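Structure, as structure tokens:
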Amino acid sequence: MGTGYKTLENHLHCLSVLRNKCAHAARLYNTIFNPPARFSTNYLRSNPLVKNDSLFAYILVLLKRLPSKNDRFELVIRIKNLLQQYKCIDLSLIGFPSNYLDLLKNEVK
């Protein structure tokens, strides 16, 4: 899986929390996610605007765990299109940093 068991365990937990919030119509906007997503210290130092307890962090986890490059690319396109369609969303309230598109595209590789 390309990661240690503690990180994988955390990512699976994060995905379970996200799935449950979506399935039970819980709020995703302006919400602190628990547990915080686990990223390497190097990644967090390189990207200080990424808050690991945000919806954006959970989306990053999802991108990291999708099986194919095509799946990751499709998700990034869908997110980009949704955010263009709903320009009224305050991106800071879902944890999206100003360079979110670059960060998402980096996960497609």
Side-chain angles (χ1 to χ4, degrees):
M1 297 295 300
T3 190
Y5 77 92
K6 286 186 177 185
T7 299
L8 181 59
E9 180 181 47
N10 171 265
H11 286 185
L12 292 174
H13 190 177
C14 291
L15 293 174
S16 175
V17 168
L18 182 59
R19 179 261 173 220
N20 288 337
K21 284 183 177 287
C22 291
H24 299 286
R27 187 176 71 174
L28 301 176
Y29 193 76
N30 198 20
T31 298
I32 295 173
F33 285 77
N34 194 18
R38 179 178 254 201
F39 300 111
S40 71
T41 305
N42 188 34
Y43 181 84
L44 291 174
R45 273 194 208 128
S46 302
N47 301 290
L49 298 176
V50 173
K51 296 177 184 171
N52 61 348
D53 62 354
S54 67
L55 177 59
F56 182 74
Y58 273 45
I59 289 172
L60 284 175
V61 167
L62 177 58
L63 279 170
K64 288 178 180 297
R65 298 295 147 217
L66 284 173
S68 74
K69 182 177 181 177
N70 189 49
D71 291 337
R72 292 187 295 273
F73 179 76
E74 187 176 318
L75 180 60
V76 170
I77 295 300
R78 286 179 181 222
I79 291 169
K80 179 182 171 188
N81 290 341
L82 275 171
L83 293 176
Q84 286 177 345
Q85 183 178 356
Y86 296 98
K87 293 181 181 183
C88 61
I89 293 175
D90 182 346
L91 296 180
S92 68
L93 293 178
I94 54 175
F96 276 57
S98 56
N99 63 338
Y100 77 90
L101 201 49
D102 293 332
L103 294 172
L104 293 176
K105 287 178 182 178
N106 284 337
E107 295 302 324
V108 172
K109 297 176 184 176

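None of the values given here were measured: they were computed from a predicted structure. Index from 1, following the sequence.
- F33 and L91 fall within the same hydrophobic cluster, defined by Ile, Leu, Val, Met, Phe, Trp and Tyr side-chain heavy atoms under 4.5 Å apart, directly or through other members.
- In this structure, N10 contributes its side chain and P36 its backbone to a donor-acceptor pair below 3.5 Å.
- At a threshold of 4.5 Å between non-hydrogen side-chain atoms, the residues P97 and N47 do not count as touching.
- For residues 64-82, the pairs satisfying salt bridge (Lys or Arg N to Asp or Glu O under 4.0 Å) are K64-E107, E74-R78, with sequence neighbours left out.
- For S40, the side chain to side chain contact (heavy atoms under 4.5 Å, CB included) partners two or more places apart in sequence, or in a different chain, are N42, Y43.
- Annotation: ring pair (Phe, Tyr, Trp, His ring centres under 6.0 Å) contacts involving residues 11-31, sequence neighbours excluded, are absent.
- For N70, there are no side chain to side chain donor-acceptor pair (under 3.5 Å) partners, not counting sequence neighbours.
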Report task. Could you check L60 against L104 for side-chain contact (heavy atoms from CB on, under 4.5 Å), going step by step and ending with a plain yes or no? Result -> CA-CA 7 Å; L60 284 175; L104 293 176; 4.1 Å; yes

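- A single hydrophobic cluster is not seen to contain both F39 and L12; linkage of ILVMFWY side chains at heavy-atom distances under 4.5 Å, directly or through other members, places them apart.
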Pairs of donor and acceptor atoms involving the side chains of residues 52-59, under 3.5 Å and at least two apart or interchain, shall be tabulated with distances.
from, atom 1, to, atom 2, distance (Å)
N52, ND2, A37, O, 3.2
S54, OG, K51, O, 2.7
S54, OG, F56, N, 3.4
S54, OG, A57, N, 3.2
Y58, OH, P35, O, 2.5

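- Rounding to the nearest 0.5 angstrom, the gap separating the CG atom in L101 from the CG atom in N106 is 10.0 Å.
- Taking CD1 of I94 as the start and CG of L28 as the end, the distance is 9.0 Å to the nearest 0.5 Å.
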Requested in this report: Start with the C-alpha distance between F96 and I79, add both sets of side-chain angles, then the distance that settles side-chain contact (heavy atoms from CB on, under 4.5 Å), and finish with yes or no.
Outcome: CA-CA 11 Å; F96 276 57; I79 291 169; 4.1 Å; yes

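- The list of side-chain hydrogen bond (donor to acceptor under 3.5 Å, both in side chains) pairs with a residue in residues 91-103, not counting sequence neighbours, reads D90-S92.
- Every side chain to side chain contact (heavy atoms under 4.5 Å, CB included) that Y86 has, sequence neighbours left out, goes to L82, I89.
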Listed pairs under 3.5 Å, donor-acceptor, residues 15-23 side chains, sequence neighbours left out:
from, atom 1, to, atom 2, distance (Å)
N20, ND2, S16, O, 3.3

